[in-house]
There are 2 protein chains.
Amino acid sequence: MQLNRLVAFHKTMGDPTRIRIVYLLSKGPLHGQAIAGKLGLTPPTITHHLHKLRDINLVYTRREKNTVYYYLNEKIILHQAVTLEKIISQKEELEEMEQDYAYRKKVLDAFIQTDGKLKSIPAQRKKKLIIFEHMVKGLKKGVKYEEKEINEYIKNFHDDFATIRREFITNQYMYRENGIYEVNPPEMWAKIE
Amino acid sequence: MQLNRLVAFHKTMGDPTRIRIVYLLSKGPLHGQAIAGKLGLTPPTITHHLHKLRDINLVYTRREKNTVYYYLNEKIILHQAVTLEKIISQKEELEEMEQDYAYRKKVLDAFIQTDGKLKSIPAQRKKKLIIFEHMVKGLKKGVKYEEKEINEYIKNFHDDFATIRREFITNQYMYRENGIYEVNPPEMWAKIE
DNA sequence: TATCTAATTAGATATATATCTAATTTTATA
DNA sequence: TATAAAATTAGATATATATCTAATTAGATA
């Protein structure tokens with residue numbers, strides 16, 4: 001079982017309006033306005049929630065004339081609802097549990113000396129990105145840096161600042177405009193598989 | 001089944017760190033620092049999550065010397081995890097679904113005229129609070145009102161502004177200091193059963 | 001094609017919350 | 001009683017998100 005799927009499922013069900021919608025749909029399909037009416041909310045709000053429910057595959061739609069009917073995909077609930085139970089009774093394994101952090105730590109320990117400098121730049125992409133993330137975390141968000149400043153910062157880790165600076169850009173850790181650098185938000189960073 | 005409990009359970013499980021903690025504890029009790037270490041987070045963060053897990057009765061603690069061990073309350077998971085499943089397969093009823101809104105609407109329709117004025121102040125506490133909530137929603141949050149302004153506002157609904165103004169205070173819809181009034185945040189409002 | 005209805009998107013606002021550092025509290029023990 | 005270790009609390013920051021109104025899109029039909 002994947003951690004992400006499980007979290008997404010529970011997060012989605014962790015809202016009273018969405019539970020209400022699921023409950024309504026469990027009695028049969030309804031269209032948007034009907035749901036809005038029954039719950040005393042506006043159509044945009046219902047759209048918002050239905051998007052989330054669709055993201056986890058919990059509802060699907062069918063169009064009739066001008067009206068979109070929403071159907072509950074009961075199988076998903078029946079399946080997901082008991083996943084947690086299986087996990088804690090050791091009937092199922094969860095990926096990415098300790099592993100994630102433990103692995104990062106191993107990589108950081110392997111490539112970073114006690115003085116904070118890199119022993120080398122990892123050749124494996126996955127490891128390299130872990131190192132880069134670590135380095136970028138030392139920069140302030142929202143601050144505009146000169147290229148010279150970035151170079152100086154990187155030199156604290158490794159002499160080949162030019163290569164690393166370039167990698168920061170290509171892997172979207174940073175953003176550059178007219179020679180000014182700024183840290184990107186984490187969701188833009190290259191994905192570590 | 002109560003809506004609130006169900007939502008709280010899923011909301012709590014809708015976070016990767018908490019799922020990780022639950023997973024770790026499913027293999028046996030651990031103390032705070034151990035959890036923090038395994039997940040690469042600081043003790044305060046772990047405390048934060050353990051509070052949430054304790055709120056829904058999912059973990060309990062036992063002290064040994066200086067160290068607090070956290071135990072998983074498996075029963076709760078085994079029970080809650082399948083609740084949703086039961087609900088959608090109609091094996092269990094959910095309170096407060098449509099009911100909630102429908103009932104409010106009925107009360108509002110019953111006591112408020114088309115011009116927005118109250119026909120009367122409901123005698124039943126439950127209904128009265130619904131009316132008060134409705135009235136208070138017309139006031140701005142964070143704005144300081146003179147008593148005179150409040151009176152004027154209430155007169156839009158009913159002549160007996162003094163009684164209603166007093167009820168706003170006793171039921172915690174508003175807060176008064178030195179004759180200045182301000183709307184309280186909704187979580188302080190009197191609870192409608 | 002013009003018009004109606006349902007749905008969605010865009011954008012704003014308010015609230016919640018995950019995480020951290022620093023400070024404080026609690027308990028054990030030398 | 002003084003010190004050390006573990007936990008918690010306080011406070012700050014950043015991000016996410018539930019809801020609304022207004023504007024737009026999509027589809028149906030006269």
Side-chain angles (χ1 to χ4, degrees), chain A residues 7-8 10-21 29-56 59-70 101 133 136-143 182-189, chain B residues 7-8 10-21 29-37 39-56 59-70 101 137-143 183-189:
Chain A
V7 170
H10 286 289
K11 187 180 259 177
T12 302
M13 301 315 286
D15 177 272
T17 300
R18 285 193 289 269
I19 295 266
R20 283 191 170 102
I21 292 174
L30 286 172
H31 61 276
Q33 308 243 345
I35 301 173
K38 278 176 190 287
L39 298 182
L41 297 169
T42 60
T45 302
I46 301 305
T47 297
H48 167 72
H49 289 298
L50 287 170
H51 269 311
K52 302 227 160 193
L53 291 169
R54 228 177 1 197
D55 284 348
I56 59 166
V59 300
Y60 59 94
T61 57
R62 196 168 293 167
R63 183 156 212 134
E64 274 179 42
K65 305 219 169 157
N66 229 324
T67 305
V68 178
Y69 285 87
Y70 292 91
Y101 168 70
E133 275 196 12
V136 166
K137 279 178 183 166
L139 294 167
K140 301 237 167 94
K141 299 171 205 174
V143 172
E182 196 170 337
V183 178
N184 271 328
E187 64 272 16
M188 295 187 58
W189 298 357
Chain B
V7 170
H10 286 289
K11 189 181 258 177
T12 302
M13 301 314 284
D15 176 273
T17 300
R18 284 194 289 269
I19 295 266
R20 283 190 169 102
I21 292 174
L30 286 171
H31 61 275
Q33 308 243 344
I35 301 172
L39 298 183
L41 297 169
T42 61
T45 301
I46 301 304
T47 297
H48 167 72
H49 289 299
L50 287 171
H51 270 312
K52 302 226 160 195
L53 291 170
R54 226 171 10 191
D55 284 347
I56 58 166
V59 301
Y60 59 93
T61 58
R62 195 168 294 169
R63 182 157 214 132
E64 274 180 41
K65 305 223 168 153
N66 228 324
T67 306
V68 177
Y69 285 87
Y70 292 91
Y101 169 69
K137 278 178 183 165
L139 294 167
K140 300 236 168 96
K141 300 172 202 171
V143 172
V183 177
N184 271 328
E187 65 271 18
M188 295 187 58
W189 298 357

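Owing to the predicted nature of the structure, the values given are computational and were not obtained by experimental measurement. Below, chain A is the first sequence line, B the second, and so on; all start at residue 1.
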Original post:
Does OP1 or OP2 of D:dT19 have a side-chain N or O of A:T17 closer than 4.0 Å?
Top reply: yes

For the pair made of [atom1] in [X] and [atom2] in [N], what is the distance, rounded to whole Å?
X     : N      : atom1 : atom2 : result
B:L30 : D:dA6  : CG    : P     : 14 Å
A:L39 : D:dA18 : CG    : C1'   : 14 Å
B:H51 : D:dA10 : NE2   : C1'   : 12 Å
B:K11 : C:dA18 : NZ    : C1'   : 14 Å
A:L50 : D:dT19 : CG    : C1'   : 15 Å
B:Q33 : D:dA4  : CD    : C1'   : 12 Å
B:H49 : C:dT17 : NE2   : C1'   : 9 Å
B:H48 : D:dA12 : NE2   : C1'   : 14 Å

By side chain to side chain donor-acceptor pair (under 3.5 Å), which residues pair with [X], not counting sequence neighbours?
X     : value
B:H31 : none
A:T45 : A:T42
A:H48 : none

Original post:
Contact class for A:Y69 vs. all strands (heavy atom < 4.0 Å): base, sugar-phosphate, or nothing?
Top reply: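 Nothing, no heavy atom under 4.0 Å.
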
Original post:
Just by modelled atom types, is the B:T12 backbone N or O under 3.5 Å from a matching donor or acceptor in the B:R18 side chain?
Top reply: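 Yes; at least one donor-acceptor contact below 3.5 Å.
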
Original post:
Just by protein heavy atoms under 4.0 Å, how would nucleotides 25-30 of chain C read 5' to 3' in B, S and -?
Top reply: --BSS-

Subject >> Within residues 61-70 of chain A or reaching into it, pairs that qualify as side-chain hydrogen bond (donor to acceptor under 3.5 Å, both in side chains) - sequence neighbours excluded >> reply: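 Output for this query is empty, none listed.
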
Original post:
Side chains of A:H49 and A:I35: does their closest heavy-atom pair fall under 4.5 Å?
Top reply: no

Original post:
Quick one: does A:L41's side chain get under 4.5 Å of A:I46's, heavy atoms only?
Top reply: yes

Original post:
Looking only at heavy atoms, which two atoms of A:D15 and A:T17 are closest? And how far apart?
Top reply: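 Closest approach of A:D15 to A:T17, heavy atoms only: OD1-N, 2.9 Å.
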
Subject >> A:Q33 to A:P43 - nearest heavy-atom pair and separation >> reply: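 So the two residues come closest at NE2-CG, 4.4 Å.
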
Original post:
Relative to the 5' end of DNA chain D, which residue comes earlier, A:G14 or B:Y70, by the nucleotide with the nearest heavy atom?
Top reply: B:Y70

**OP:** Give the C-alpha distance, both sets of side-chain angles, the deciding distance and a yes or no for side chain to side chain contact (heavy atoms under 4.5 Å, CB included) between B:I21 and B:L39.
**Re:** CA-CA 8 Å; B:I21 292 174; B:L39 298 183; 3.7 Å; yes

Provide a list of protein-nucleic acid N or O atom pairs under 3.5 angstrom, restricted to nucleotides 20-23 of chain D.
{"unit_1": "D:dC20", "atom_1": "OP2", "unit_2": "A:T42", "atom_2": "N", "d": "3.3"}
{"unit_1": "D:dC20", "atom_1": "OP2", "unit_2": "A:T42", "atom_2": "OG1", "d": "3.1"}
{"unit_1": "D:dC20", "atom_1": "OP2", "unit_2": "A:T45", "atom_2": "OG1", "d": "2.5"}

**OP:** Output the distance between atom NE2 (A:H10) and atom NZ (B:K11), rounded to the nearest 0.5 Å.
**Re:** 15.0 Å

Subject >> All stems with DNA chain D, defined as three or more consecutive Watson-Crick or G-U pairs under 3.5 Å >> reply: C:1-30 with D:1-30

